[in-house]
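Encoded as structure tokens, the structure appears first; notes follow it.
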Amino acid sequence: MLDGLNPQQRDAVVHEGTPLLIVAGAGSGKTRVLTHRIAYLLSERHVQPQEILAITFTNKAAKEMKERVDRLIGPRSKAMWVMTFHSACVRILRREAKRLGFSSSFSIYDQADSQRLMAMVCRELDLDPKRYPPRSFSAQVSNLKNELVDYDTAKDKAQTHLERTLAEAYRSYQRRLTEADAMDFDDLIMLTVTLFQLFPDVAEHYRRRFRHVMVDEYQDTNHAQYMLIRELVGVPEARTADGEPVREGREGAVEPAELCVVGDADQSIYAFRGATIRNILEFERDYPDARTILLEQNYRSTQTILSAANAVIARNEGRKPKNLWSDQGAGPKIIGYVADNEHDEAMFVAQEVDRLADDEDVTPGQVAVFYRTNAASRVFEEIFIRTGLPYKVVGGVRFYERKEVRDLLAYLRVLANPNDTVSLRRVINVPKRGIGDRAEAMIEAFALRERVSFWEGLRRADEAPGLATRSLNAIKEFVALLEDLRGKELPLSELAEEVLTSTGYRTELETSGDPQDESRLENLNELISVAQEFEEANPEGTLVDFLEQVSLVADADQIPEGEDHQGVVTLMTLHTAKGLEFPVVFLTGLEDGVFPHMRSLGEPRELEEERRLAYVGITRAQQRLYVSRAAVRSSWGSPAFNPASRFLAEVPSDLLDWRSDPQKTAWAAATVREPRRPAAPAKTGGRVIPSLSPGDRVTHDTFGLGTVVAVEGAAEKTRVKIDFGSGDEKTLLVAYAPIEKL
DNA sequence: CTGGAGGTTCTTTTT
DNA sequence: GAACCTCCAG
């Protein structure tokens with residue numbers, strides 16, 4: 001059980017009695033430690049499998065952990081709970097739903113659903129979408145829930161008119177959710193915490209059951225998840241989201257469970273969804289008798305790659321110093337490439353993958369391409385298709401986010417839960433059946449007045465005033481259709497097929513002239529085969545189970561499986577890449593404004609998060625790392641000239657081997673981005689903005705002749721430092737300064 | 001009620 | 001350059 005572990009790993013596996021924090025640098029074998037720890041608990045410490053709860057963030061991580069434990073100890077592992085935060089909470093909530101006023105087959109709303117619902121609520125409250133954007137409201141409510149703030153508290157805390165409006169929308173939104181017998185992603189966590197706090201007997205049940213709680217990627221937990229862990233472990237002290245200590249009234253009736261968390265503050269990249277690095281930094285304060293074990297030996301990458309990663313992350317302030325090391329030798333240098341534009345960059349990647357296959361025995365399956373934003377995947381797809389390179393884009397416009405897929409799922413959801421108003425209204429006129437906005441509004445008003453659900457309103461449509469006969473007939477037909485479908489006792493996949501046929505959805509797509517409809521049909525068939533697979537894997541599975549699984553899939557769950565990733569190049573965002581490793585990694589789009597992202601440039605804290613993202617990206621590579629940037633990149637349809645990413649300069653130059661002359665495109669560094677709308681920047685209108693790089697000679701209207709010393713900043717904010725002789729250097733905004741290039 | 005024209009926003013990152 | 005909204009004619 002302890003074979004092949006280094007001393008620190010061994011300590012972590014056998015540690016006993018007090019809370020344990022494993023600070024696991026990238027590639028330091030943390031999954032190995034976790035799985036061995038579980039196996040050790042079972043075989044040496046006589047812990048029962050059902051007493052173990054191991055929590056991860058993605059299904060993929062959970063699945064991998066489960067498989068590896070299985071390999072160590074065999075089928076006994078089945079009784080353990082190894083799952084994501086969200087699945088674990090759903091499992092608990094389904095059992096106890098009644099206590100919170102939900103049915104056990106409640107729907108789960110993803111981000112798109114909750115945005116739709118929030119849009120409905122905002123319209124109902126008559127809010128001007130310009131001043132109160134529903135998307136922003138939806139995001140803010142999500143943030144509140146991540147901090148366990150309910151709408152009453154939000155209302156009490158509200159200072160401004162905007163905050164009061166938000167609290168109002170929050171209340172209304174939550175009421176609609178409950179009426180629809182639905183929970184959003186954030187509710188899954190928050191309501192589980194509420195459940196434990198409101199019903200001590202439920203909390204105690206789970207505390208008695210789970211004597212060992214393990215949490216992976218602890219640096220990515222938000223406040224709600226932090227509290228959930230506290231509740232599960234059963235420690236009476238906790239703190240609020242603001243860091244204030246609180247002591248709950250109860251004393252633990254059950255001895256606290258043994259807690260073991262694994263994480264790495266340098267890989268915290270989810271602050272935007274409420275993750276707080278404080279959870280890991282202050283673990284020792286939260287759990288006073290905690291032990292911390294550091295894993296610094298890296299088994300993944302060459303020393304060159306690690307040195308680059310160490311140098312970059314060292315620029316972040318206030319972090320605990322950590323130095324990854326490897327005994328694998330230096331390996332090849334990091335290769336840098338400056339492309340003329342994004343097409344050139346993608347072409348370079350494609351050619352390099354080919355070359356590696358020919359010269360270095362590297363297969364496409366060993367290669368990954370990372371980018372900052374999903375939108376960047378397009379160019380790679382175009383070029384890879386043209387060059388015939390096999391690839392798979394992970395995430396992006398996800399399968400389950402496609403319109404037709406959501407439509408079919410919405411039908412299924414309505415069949416499982418008639419109160420699911422968001423889904424019901426989504427499909428009420430899809431395909432077109434003559435129930436328009438007006439008819440829908442009439443029904444809504446009627447349902448509201450009669451205090452019945454929207455579905456009930458539809459069923460009683462003949463009592464609703466103001467409906468045109470034509471609309472009424474259409475509604476009657478629609479209701480009959482759904483009731484007929486609901487009455488059918490069909491296996492899942494056949495039910496899905498039946499929905500497509502009886503609604504006319506399939507016929508509509510088949511007979512339309514739109515070439516895109518062909519791929520829509522393919523997607524629907526794909527969904528039906530997903531349903532078939534589900535049936536085969538879960539003979540007992542219900543429609544509700546299927547819908548739940550579909551709601552909780554993550555991007556990372558779709559990564560091609562196996563060591564060779566089925567022979568294809570894997571393309572994904574840096575966020576999705578966390579936790580993975582590849583022999584060859586291309587880190588693309590290293591431009592200020594792209595990566596680090598434009599919106600982080602002014603914010604030191606966000607910039608540090610971008611840097612951690614860079615650290616995550618670099619440390620995915622095992623053997624070879626490529627870094628590339630494009631001098632010109634079109635975004636939003638118009639070209640942008642971005643300077644080199646500051647992260648490139650943070651990689652020690654002796655580790656980097658530039659494939660092309662960086663001077664070649666240096667001119668672009670200082671070029672001002674083309675104005676997006678010709679009218680917008682009136683001040684610069686008509687004037688030719690000089691593109692400058694260090695060494696250029698310029699003249700200034702008042703300061704006279706000078707030499708460019710440095711260029712910094714992006715786009716309109718590009719500043720140049722110019723030496724006008726006599727020792728005085730001036731920093732000027734290129735866009736406004738009266739300078740001319742000589 | 002539908003569909004097309006025209007305008008607007010959008011891009012961080014995700015369970 | 002796509003996906004979404006709004007407005008208006010038929």
Side-chain angles (χ1 to χ4, degrees), chain A residues 55-62 83-90 108-112 114-116 119 123 129-130 133-136 139 142 145-146 183-190 217 220-222 224-225 268-275 370-379 394-398 400-403 429 431-441 468 470-471 474 516 548 550-557 572-578 589 593-601 603 606-607 609-610 612-614 616-617 633-640 676-677:
Chain A
I55 300 184
T56 62
F57 273 85
T58 65
N59 297 303
K60 184 177 190 288
M83 50 182 91
T84 65
F85 269 105
H86 295 266
S87 337
C89 287
V90 170
I108 299 168
Y109 280 6
D110 66 15
Q111 195 184 0
S114 51
Q115 272 180 12
R116 260 178 91 89
R123 221 174 308 140
K130 289 247 153 43
R135 291 162 150 271
S136 148
S142 168
K145 289 183 176 183
N146 285 335
M183 300 185 191
D184 65 22
F185 277 158
D186 307 304
D187 284 339
L188 297 179
I189 314 288
M190 179 167 171
E217 308 280 16
D220 290 335
T221 51
N222 59 35
Q225 288 159 335
S268 159
I269 54 174
Y270 283 108
F272 69 90
R273 68 172 188 210
F370 301 154
Y371 33 79
R372 177 67 236 278
T373 63
N374 281 304
S377 66
R378 272 251 309 267
V379 203
V394 179
V397 183
R398 285 187 266 173
Y400 292 107
E401 275 164 23
R402 288 169 208 262
K403 185 175 151 304
N429 203 26
K432 299 260 181 301
R433 52 172 70 90
I435 309 177
D437 295 346
R438 190 173 160 76
E440 202 182 322
R470 214 166 36 156
S471 308
Q516 289 198 331
E548 171 185 321
V550 164
S551 312
L552 297 180
V553 288
D555 282 347
D557 299 334
M572 69 191 106
T573 65
L574 285 149
H575 283 85
T576 308
K578 191 163 74 151
V594 175
F595 182 31
H597 193 273
M598 187 107 68
R599 292 178 53 163
S600 71
L601 290 180
E603 291 289 323
E606 286 187 41
L607 195 62
E609 177 142 316
E610 297 282 312
R612 290 194 290 271
L613 200 50
V616 166
R633 176 182 302 273
S634 30
S635 51
W636 287 283
S638 53
R676 201 166 126 215
R677 267 165 295 219

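Throughout, protein chains are lettered first and strands after them, A, B, ... in sequence-line order, and every chain is numbered starting at 1. Computation of the quantities below employed the complete heavy-atom set of this structure, encompassing side-chain atoms and omitting hydrogens, waters and symmetry-equivalent molecules.
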Can you tell me how far CE of Met83(A) sits from SG of Cys89(A), rounded to the nearest 0.5 angstrom? 10.5 Å
Hey, does Glu609(A) reach any base, or is it just sugar-phosphate, or nothing, if we go heavy atoms under 4.0 Å? nothing
Interatomic distance, Arg116(A) CZ vs dC5(C) P [rounded to whole Å]: 8 Å
Using whole Å, what does the distance between atom P of nucleotide dT13(B) and atom CG of Leu607(A) come to? 18 Å
Quickly work out the Arg438(A) CZ to dT2(B) P distance and round it to whole Å. 14 Å
Test salt bridge (Lys or Arg N to Asp or Glu O under 4.0 Å) applied to Asp186(A) - qualifying residues, sequence neighbours left out: none
Choosing from dT14(B), dC1(B), dT11(B), which nucleotide comes nearest the side chain of Ala375(A)? dT11(B)
Asn59(A) CG to dT15(B) C1', in whole Å, measures 9 Å
Closest to the side chain of Tyr270(A), out of dT15(B), dT14(B), dA2(C), is dT14(B)
Which nucleotide sits closest to the side chain of His597(A): dT11(B), dT15(B), dT2(B)? dT11(B)
Toward the 5' end of DNA chain B, which comes first, Arg135(A) or Arg433(A), by nearest nucleotide? Arg433(A)
Just to be sure I understand the rule, does Thr576(A) reach a base, reach only the sugar-phosphate, or reach nothing, if contact means heavy atoms closer than 4.0 Å? sugar-phosphate
Upstream residue (5' side of DNA chain C) when Arg378(A) and Lys403(A) are each assigned their closest nucleotide: Arg378(A)
Using the rule for Phe, Tyr, His and the six-membered ring of Trp, do Phe272(A) and dT14(B) stack at under 5.5 Å and under 30°? no
Do you know which two heavy atoms are closest between Leu613(A) and Arg372(A), and how far apart they sit? CD2-NE, 3.3 Å
Let me know the distance between CD1 of Ile189(A) and C1' of dT15(B), rounded to the nearest Å. 8 Å
Between dT6(C) and dT11(B) - C1' atom distance, rounded Å: 23 Å
Rounding to a whole Å, what distance do you find between Glu217(A):CD and dT13(B):P? 19 Å
Tyr270(A) and Glu609(A): which non-hydrogen atoms are nearest, and at how many Å? N-OE2, 3.7 Å
For Lys432(A) and for Ser551(A), locate the closest nucleotide of DNA chain B by heavy-atom distance; then report the residue assigned to the nucleotide nearer the 5' terminus. Lys432(A)
N/O (side chain, Asn374(A)) to phosphate O (OP1/OP2, dT14(B)) under 4.0 Å: yes
Determine the minimum heavy-atom distance between Ser114(A) and Asp184(A), stating which atoms define it. CB-CB, 4.3 Å
With respect to His86(A), which candidate in Ile189(A), Ile55(A), Asn59(A) satisfies the side chain to side chain contact (heavy atoms under 4.5 Å, CB included) definition? Ile189(A)
Side-chain contact check for Asn429(A): nearest option of dT15(B), dT2(B), dC1(B) is dT2(B)
What nucleic acid atoms does Ala439(A) come within less than 4.0 Å of, heavy atoms only: base, sugar-phosphate, or nothing? sugar-phosphate
Candidate nucleotides dC1(B), dG1(C), dT2(B), ranked by approach to the side chain of Ser471(A) - the nearest: dC1(B)
Using a heavy-atom cut-off of under 4.0 Å over every strand shown, decide if Glu606(A) touches base, sugar-phosphate, or nothing. base
Rounded distance in Å - CG (Leu574(A)) to C1' (dT11(B)): 15 Å
Lys145(A) atom NZ is separated from dT15(B) atom P, nearest whole Å, by 18 Å
Within the structure shown, what part of the strands sits under 4.0 Å from Phe185(A) by heavy-atom distance: base, sugar-phosphate, or nothing? base
